[in-house]
Amino acid sequence: MSKHASTQTNGSPVTQNTDSAAPSPAVDPRLLVREQGLTGYLGEFKRKLRSGDLGSLPVVIGLILIAAIFQGITGKFLTAGNLSNITLYIAGPGLISVGIVFVLLLGEIDLSLGSVAGVSAALSAVLSIQHGVNEYAAALIAVVAALAIGALHGFFFAKIGVPAFVVTLAGLLAWSGLQGWIMGNTGTLNNIPNGFIAHLDNYFFDSVAAAYGLAAVSVAGYLVAALMGAKSRRRAGLLAKPVSEIVLRAAVLAVLAFGAAYTLNQDRGLPLALVVFLGVVVVTDFVLRRTSYGRKVFAVGGGVEAARRAGINVAWVRISVFMISAGLAAVGGLFIASQAGFADKQLGSGNVLMNSIAAAVIGGTSLFGGRGKTWSALLGMLVIQSIVTGLDLQGISQSIQYMITGAVLLAAVVLDSVSRRTQKSSGRG
């Protein structure tokens, strides 16, 4: 029953309601989601959909549709041999794409990475084949040279103030010329038979225990990391995923991981190239999400001036990011040389750079900076290579493949732009 108090104002009685209940404390909507179970998660999914927070959902749906369509058309797409080949094809460009993710997180672009990959492969081949340098040492020298190239790009961008587009466009031309100069009159240098470079993209762990072991380690690693992370958050009084949700996610990952392991074992076994690619993705994801350096990269990408006022050395972050992207491009170039069987003056040219950039964007990394993850490179490269492989099975010309890949890239950028606009209108951008 309400309580009232009467006062007199200019001779007129005024009735005031004194039943003022204390405001209820705000409740984190994510807590309600988990309390409501499946209904809560469906509601949260609809809310994210309305706000444009789509995450990797479009890419996953796209992969499922691509696989279903090409399997229905060709009847060969989902065979173990074809899927194993896809894992080989994505390694080289995928490693370059991981480096591009770092650059895109700053809201910048690096157009030189195809040439950096080419000059690194050329330097390694010339040193090992023509000058007798140990292959491991030659590869290491090539990667170090690429890191120096990245530092040079970063210096002109961060310290001199030259736009990254101009710096890396100049690099694209300069390092392509250096690649041709290093190769000299030799148009092609074949990899040393059974050598280090030759094995990068052609070595398989043929024991079935290798693929299943990697799957088991991956699932166990995720489960332990997720449980420890949730425990730490609860200890700090922060919101954390319930154990049931973590176990469910681990179960889904187990189905995917062991399914992939089974498929690979039906062909030649676990490819070394896939192991290296996944290892790089996991390590770089950890760096971006779990280290202070990663938080600085996101901060600079989200707003340079705000990052500078927060005490972040913006110039160093920019230089280091270009070094990382160039270093990964060098490693990617070595894998491309391994897949081709040789290094030549054209390695890294053509659609290598464009596919690597497209993979990062298609996978969900924003072109506008501050949003993305290295898993984008893996997902996006799977999309591109699945399309290319499916069209190859149909005998479709490369010109048509370029047009389709371009259309997919445009769709991804449009989706990113619409998503950002929707998030801003909903107060989340």
Side-chain angles (χ1 to χ4, degrees), residues 24-65 67-68 209 211-265 270 274-275 278-279 281-291 294-295 298 363-365 371-380 382-383 419 422-423 426-428:
S24 57
V27 179
D28 192 319
R30 290 172 294 181
L31 289 174
L32 297 177
V33 166
R34 282 153 185 161
E35 289 177 357
Q36 294 168 358
L38 181 60
T39 303
Y41 280 104
L42 289 175
E44 175 72 357
F45 172 74
K46 293 177 182 178
R47 183 191 65 78
K48 287 185 176 182
L49 201 61
R50 287 193 299 269
S51 66
D53 187 9
L54 301 176
S56 302
L57 179 64
V59 188
V60 174
I61 293 176
L63 277 172
I64 294 173
L65 290 176
Y212 288 127
L214 179 61
V217 169
S218 300
V219 175
Y222 168 80
L223 186 59
V224 171
L227 290 174
M228 291 180 62
K231 183 178 179 180
S232 298
R233 291 181 64 86
R234 279 191 291 269
R235 189 183 299 120
L238 300 174
L239 181 70
K241 293 185 179 73
V243 175
S244 58
E245 180 180 339
I246 294 175
V247 171
L248 178 61
R249 289 171 179 262
V252 173
L253 176 61
V255 171
L256 295 175
F258 281 95
Y262 173 79
T263 302
L264 293 173
N265 281 333
L270 177 65
L274 180 62
V275 175
L278 289 177
V281 170
V282 170
V283 170
T284 51
D285 177 70
F286 176 84
V287 169
L288 284 176
R289 294 196 303 115
R290 302 293 184 183
T291 67
R295 289 188 286 273
F298 279 104
T365 299
R371 190 180 70 192
K373 57 184 69 174
T374 54
W375 289 99
S376 302
L378 173 62
L379 292 174
L382 281 173
V383 169
S419 174
T422 305
Q423 289 186 26
S426 63
R428 294 170 57 87

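Values below: every heavy atom of this structure, side chains too, minus hydrogens, waters and symmetry copies.
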Side chain to side chain contact (heavy atoms under 4.5 Å, CB included) involving Ala260 - partner list, sequence neighbours excluded: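 Residues passing side chain to side chain contact (heavy atoms under 4.5 Å, CB included) with Ala260: none at all.
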
Side chain to side chain contact (heavy atoms under 4.5 Å, CB included) against Ser232, all qualifying residues, sequence neighbours excluded: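 Arg235.
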
Shortest non-hydrogen separation from Thr374 to Val281 and the atoms involved: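 For Thr374 and Val281, the tightest heavy-atom pair comes out as OG1-O, 3.2 Å.
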
Value rounded to 0.5 Å, distance of OG1 in Thr284 from CH2 in Trp375: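 Answer rounded to 0.5 Å: 8.5 Å.
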
Residues which pass salt bridge (charged side-chain N to carboxylate O under 4.0 Å, His left out) with Arg289, listed by chain and number, not counting sequence neighbours: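 Result, salt bridge (charged side-chain N to carboxylate O under 4.0 Å, His left out) vs Arg289: Asp285.
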
Residues forming a side chain to side chain contact (heavy atoms under 4.5 Å, CB included) with Leu223, sequence neighbours excluded: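 In terms of side chain to side chain contact (heavy atoms under 4.5 Å, CB included), with neighbours along the sequence ignored, Leu223 is linked to Leu227, Ile246, Ala250.
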
Nearest heavy atoms of Ala215 and Ala261, plus distance in Å: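 Closest heavy-atom pair between Ala215 and Ala261: CB-CB, 4.3 Å.
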
Tyr212 to Asn265 - nearest heavy-atom pair and separation: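 Answer, listing the atom of Tyr212 first, then Asn265: CE1-ND2, 3.3 Å.
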
Distance, nearest 0.5 Å, that separates CG of Leu278 from CG of Leu274: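 Rounded to the nearest 0.5 Å, the CG-CG separation comes out at 4.5 Å.
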
Neighbour count above 12 (heavy atom, 6.0 Å) for Arg234 CZ: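 Counting other residues, nucleotides and ligands, CZ of Arg234 exceeds 12 neighbours.
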
Side chain to side chain contact (heavy atoms under 4.5 Å, CB included) involving Ala209 - partner list, sequence neighbours excluded: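 Per chain and number, Ala209 pairs via side chain to side chain contact (heavy atoms under 4.5 Å, CB included) with Ser207.
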
Closest non-hydrogen atom pair between Leu214 and Ser218, with its separation: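 Shortest heavy-atom contact: O-OG, 2.7 Å.
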
Distance, nearest 0.5 Å, that separates CE of Met228 from CZ of Arg233: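 Those atoms lie 14.5 Å apart.
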
